[in-house]
Amino acid sequence: MKKVFIKTYGCQMNERDSDAVAAMLCDRGYTLATSERDADVILLNTCSVRDLAEQKAIGKMGLLTRMKRRRSDLVLGFMGCMAQRLGPQLLDRLPKVDLVIGTQKLHRIPDHLDRFLNNGHHPISDIAKEAGSQNAICDHAAPAARPTAFVSIMQGCDMQCSFCIVPATRGAERSRSIEDILAEVRALVANGVKEVTLLGQIVTSYGRGLIPISDSNLPFVQLLENVNAVPGLERIRFSSAHPQGFRDDLIRCFGRLERLCEYVHLPVQSGSDRILKAMCRTYSVDTYRRIIEKLRTRVPNIALSTDIIVGFPGETDADFAATVSLCEEMQYDNVFLFKYSNRSGTPAAAMPGQIPQEEVVRRHHHLWKLTETHAARRNAQLVSRVAQVLVEGEPETKKVEGRLFGRTRCNRLVYFPGTGCHRGQLLDVRITRAKSHTLYGEPAVHSPQSTAH
Ligand code: 5AD
């Protein structure tokens with residue numbers, strides 16, 4: 001049977017999609033290859049958020065098409081966001097590519113692959129919209145092997161952030177029903193999953209227009225309450241939220257729903273109101289600040305991460321200084337920092353005041369250094385404390401004999417000595433050493449005196 005290898009670029013949703021496609025292919029009788037060299041079919045699951053991500057996937061495919069000169073039966077395909085954005089253009093640009101499958105057609109990949117193999121190897125491009133496709137991403141490859149899982153709760157985004165290509169690649173917002181999501185979570189838990197991350201491009205808009213507000217709780221809060229009640233589940237996370245939908249009902253979930261982890265990823269994008277307005281982000285820095293204040297009042301040790309774009313068109317030194325000062329004020333645990341990337345077709349692409357690349361690089365470096373010191377400081381505070389770690393297993397990279405890794409409820413990565421039999425367990429680990437994004441520790445023998453998250 002043909003062996004398939006899927007290489008994934010970009011976000012957690014892409015990881016989730018690749019996993020679901022892998023599961024569907026296995027159901028169809030394909031097997032998964034352990035490396036590209038070992039594969040008969042190679043699919044690149046692509047990202048369009050920044051130009052660099054697209055260039056990486058195109059460069060990679062260029063190398064793979066060269067491999068095809070020696071192995072003419074090798075099947076090559078693009079799937080996901082860049083496939084959606086560029087469609088058949090990709091077949092013109094790279095004529096040795098066989099499949100181009102968009103974001104609403106991922107569940108059709110087994111059919112398309114069968115058809116390609118059985119009907120004379122004619123290239124296939126399928127980037128049409130498909131009603132209900134958000135319900136099709138629910139298969140999991142070998143869930144028992146992992147104690148954590150991603151669950152896709154919705155697809156698409158109706159916001160109009162002026163820099164963002166996602167509404168074009170993922171389409172309009174479409175939510176799954178609470179019942180469907182619960183069934184998936186229950187099945188995962190029955191297979192040994194302890195932690196789920198609920199995924200969507202804008203989870204705070206979950207269920208809008210589909211599920212009515214109940215007891216002044218938005219649909220997303222209703223979903224969280226339901227997932228929190230699934231027996232056997234230990235931890236819930238979600239990504240990504242938008243400040244516009246981060247209302248008091250959602251803030252009140254923290255500290256109230258015991259399985260909801262003390263960690264929030266809330267993209268702010270800029271610390272300047274002028275830039276937020278130009279980005280069409282629909283909130284002010286003060287609105288964002290109030291959300292964080294309320295969260296930190298409810299849960300003082302809550303971990304906080306954000307996305308920031310530097311070098312948005314028209315960003316002055318003063319705008320950038322406002323972002324720097326917001327970071328100083330927030331002391332984030334983690335900042336995902338992006339250099340603005342011009343995406344054609346977005347409103348920002350045509351805005352005046354595009355910032356020269358050297359200046360974008362300079363601002364990026366400055367803010368990166370600063371936010372690294374904040375992350376290091378936050379992590380250093382945990383040394384000698386005990387944290388509850390969900391053991392995920394042996395690290396794939398940075399492999400060391402007898403070393404395991406896991407995450408705390410605050411999403412901090414911890415390495416510690418142990419054997420594979422601890423996988424899936426919640427273990428108390430005493431932190432002995434800290435780097436900006438990594439903690440090291442020893443399993444705690446005594447009951448925790450001062451706990452960390
Ligand atoms: N340029 C740079 N960063 C971007 N992001 C989205 N679009 C762009 C762009 N055009 C970043 C945002 C978003 C994250 C997923 O990617 O910060 O939150």
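We count ligands from 1, going down the list as the structure has it; atoms in each ligand are counted the same way. Worth knowing before you read on, the calculation uses all heavy atoms, side chains too, and leaves out hydrogens, waters and symmetry mates.
Looking at ligand 1, you won't find any N or O of R343 less than 3.5 Å from one of its N or O atoms. The shortest N or O to N or O distance between S341 and ligand 1 is under 3.5 Å.
By the criterion of a heavy-atom distance under 4.0 Å, the backbone of K339, and not its side chain, is placed next to ligand 1. The parts of F163 lying near ligand 1 are both backbone and side chain, judged by heavy-atom distances below 4.0 Å. When non-hydrogen atoms are compared, ligand 1 lies under 4.0 Å from the side chain of I309 (C-beta onward) but not from its backbone.
With respect to E372 and K369, no salt bridge is recorded, no charged nitrogen being found less than 4.0 Å from a carboxylate O. By the 4.0 Å N-to-carboxylate-O rule, E195 lies too far from R407 to be salt-bridged with it. A salt bridge does not link E54 with R93: every distance from a Lys NZ or Arg NE/NH1/NH2 to an Asp or Glu carboxylate oxygen is 4.0 Å or more. Ion pairing between D249 and R252 fails under the 4.0 Å rule for side-chain N and carboxylate O.
Atoms of ligand 1 lying under 4.0 Å from at least one heavy atom of Q269, given by number and element, are 12 (C), 13 (C), 17 (O), 18 (O).
Sorted by first and then second residue, the ring pair (Phe, Tyr, Trp, His ring centres under 6.0 Å) pairs involving residues 267-296 (not counting sequence neighbours) are H242-Y283.
Nearest to atom 3 (N) of ligand 1 among the protein's heavy atoms is F338 CB, 3.5 Å. Scanning the protein for heavy atoms near atom 14 (C) of ligand 1, the closest one is D307 OD2, 3.4 Å. Scanning the protein for heavy atoms near atom 16 (O) of ligand 1, the closest one is V49 CG1, 3.5 Å.
The shortest side-chain heavy-atom distance between I211 and Y206 falls under the 4.5 Å cut-off.
Aromatic ring pairs are classed by plane angle as parallel below 30°, tilted from 30° to 60° and perpendicular above 60°; the pair F405 and Y415 is tilted.
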